[in-house]
Amino acid sequence: MGEAEMKIDPARASALVSQLQGITERIAAVANGRPVRLVAVSKLKPANDILALHQAPVNHLHFGENYSQELQQKAELLPKTIQWHFIGGLQSTHCKKLAKIPNLWCVSSIDTLKKAELLDKTRGGLIKTDPSVPKINIHVQVNTSGEESKSGCTPGDEVVSLCRSIVDNCPNLNLIGLMTIGAIARSKETTAENENEDFVVLKEQRDLVGKELGLDRELELSMGMSEDFEGAIAMGSGEVRVGSTIFGTRPAKADAQILA
């Protein structure tokens, strides 16, 4: 089934559009004219919901998925004009399959050189076959909270070293910034006025990488989710990831359906 045959419930589509526009308005209210990318996190939600937001009237482009197989299935079904973001924990075994998705726009959870090199090698082969395929944008994930349960590089030398290696050795990847998923408790206390310690650390790491690598461009900050995106934008985030506030409560993974 392609998107032409995919059924979209008008009432559901209207609700999704309204919720996404509400988030867009909240972003604009704190961004002060600065462009901020909204990644609509569609994990465990059906492809029908994504199509409802990708088509008119909002024509949203950026959608985020946490599970490799789910992203691959949705990318097969949905228009190639969608710009996919992989934002979940990345396993080396998934890198090759992800890199073969032509409209994979960004991988935001790179935390080892091995994973970056696997993405780079596979994407290079795809670009050689079809030069119109773009490089994959990359965020290096930083563990700003120091929690053992969180993925990401340790702030400091580890972050700088990985960023340097990607820039120097991965020609089919484009390092665009750093990403963090901070401590939940800090997220809940974050407001536009109350700074989040994890966001402070990510800004410091961005500045450190720029200085150490001598970059002639400023790396972006990917930080902020449903609980704390307004505070993240106030601290300079260029990308926020919002899911349940747009799509509603997610089902259990075992109950999720690719098509509604």
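Hydrogens, waters and symmetry mates play no part in the numbers below; they use all other heavy atoms, side chains included.
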Side-chain contact test, heavy atoms from C-beta onward, threshold under 4.5 Å: evaluate it for Q141 versus L178 and give yes or no.
no

Near N169 CG, under 6.0 Å, is it more than 12 heavy atoms from other residues, nucleotides or ligands?
yes

Does anything in residues 52-61 pair up under salt bridge (Lys or Arg N to Asp or Glu O under 4.0 Å), and if so which pairs, sequence neighbours excluded?
none

Minimum heavy-atom distance between L53 and I246, given as atom pair plus value:
CD1-CG2, 3.9 Å

Expected output: side-chain R164 to main-chain V209 donor-acceptor under 3.5 Å
no

Side-chain hydrophobic cluster, 4.5 Å single linkage: members besides I87
V41

Search all heavy atoms of A13 against all heavy atoms of I8 and return the closest pair with its distance.
CB-CG2, 3.7 Å

I101 and A75 have their tightest heavy-atom pair at CG2-CB, 3.8 Å

Heavy-atom donor-acceptor pair, D168 side chain to S165 backbone, under 3.5 Å
no

Verify salt bridge (Lys or Arg N to Asp or Glu O under 4.0 Å) between R206 and E218, making sure each step is shown before the conclusion.
CA-CA 8 Å; R206 188 267 308 275; E218 185 173 76; 3.8 Å; yes

Within-4.5 Å side-chain heavy-atom neighbours: V140 and I166:
yes

To which residues is I176 joined in a hydrophobic cluster, defined by side-chain heavy-atom contacts under 4.5 Å among Ile, Leu, Val, Met, Phe, Trp and Tyr, whether direct or through other members?
W105

Side chains of P171 and D120: closer than 4.5 Å at any heavy-atom pair?
yes

Between R241 and I181, is any pair of side-chain heavy atoms under 4.5 Å apart?
yes

Taking every non-hydrogen atom, the tightest pair across S68 and F86:
N-CE1, 3.5 Å

Give every residue pair that meets the side-chain hydrogen bond (donor to acceptor under 3.5 Å, both in side chains) criterion with at least one member in residues 121-132, sequence neighbours excluded.
D130-S132

When rounded to the nearest 0.5 Å, the distance separating CD1 of I138 from CG of N172 is 10.5 Å

With sequence neighbours left out, the residues meeting side chain to side chain donor-acceptor pair (under 3.5 Å) with E239 are R37, S222

Min side-chain heavy-atom separation N196-M223 under 4.5 Å:
no

Heavy-atom pair with the smallest gap, counting every atom of C95 and L119:
O-CD2, 3.4 Å

Using side-chain heavy atoms (C-beta onward) and a distance below 4.5 Å, is K211 in contact with D207?
no

I'd like to check L118 versus S92 (side-chain heavy atoms, cut-off strictly below 4.5 Å). Are they in contact?
yes

Residue list, side-chain contact (heavy atoms from CB on, under 4.5 Å) with Q69, at least two apart or on another chain:
Q73

Out of curiosity, K135 NZ to L175 CG, how far, rounded to the nearest 0.5 Å?
11.5 Å

Give every donor-acceptor pair under 3.5 Å between a side-chain atom in residues 108-116 and any protein atom, sequence neighbours left out.
from	atom 1	to	atom 2	distance (Å)
S108	OG	H139	ND1	2.7
S109	OG	G88	O	2.5
D111	OD1	K115	NZ	2.9
T112	OG1	K115	N	3.3
K115	NZ	L90	O	2.8

Sequence-distant partners of F63, ring-ring contact (aromatic ring centres under 6.0 Å, His included), two or more places apart
H60

Main-chain N/O of P46 paired with Q257 side-chain donor or acceptor, under 3.5 Å:
no

List the residues meeting side chain to side chain donor-acceptor pair (under 3.5 Å) with E65, not counting sequence neighbours, and say none if there are none.
S42, K74

For the pair N143 (side chain) and E147 (backbone), establish whether a donor and an acceptor sit closer than 3.5 Å, ignoring hydrogens and angles.
yes

Closest heavy-atom pair, A47 versus L259, reported as atoms and distance to 0.1 Å, is CB-CD2, 4.2 Å

Tell me which pairs pass side-chain hydrogen bond (donor to acceptor under 3.5 Å, both in side chains) where either residue lies in residues 16-27, with sequence neighbours left out.
R26-E230

Is it true that a side-chain atom of N48 and a backbone atom of A260 form a donor plus acceptor pair closer than 3.5 Å?
yes

Would you mind reporting whether F199 and T144 have side-chain heavy atoms less than 4.5 Å apart?
no

Apply the hydrophobic cluster definition, ILVMFWY joined by side-chain contacts under 4.5 Å directly or through others, and give me every member besides L44.
Y67

Q72: which of K100, K97, H94 passes side chain to side chain contact (heavy atoms under 4.5 Å, CB included):
K97

Considering residues at least two apart in sequence or located in another chain, which fulfil the side chain to side chain donor-acceptor pair (under 3.5 Å) criterion with T81?
H54

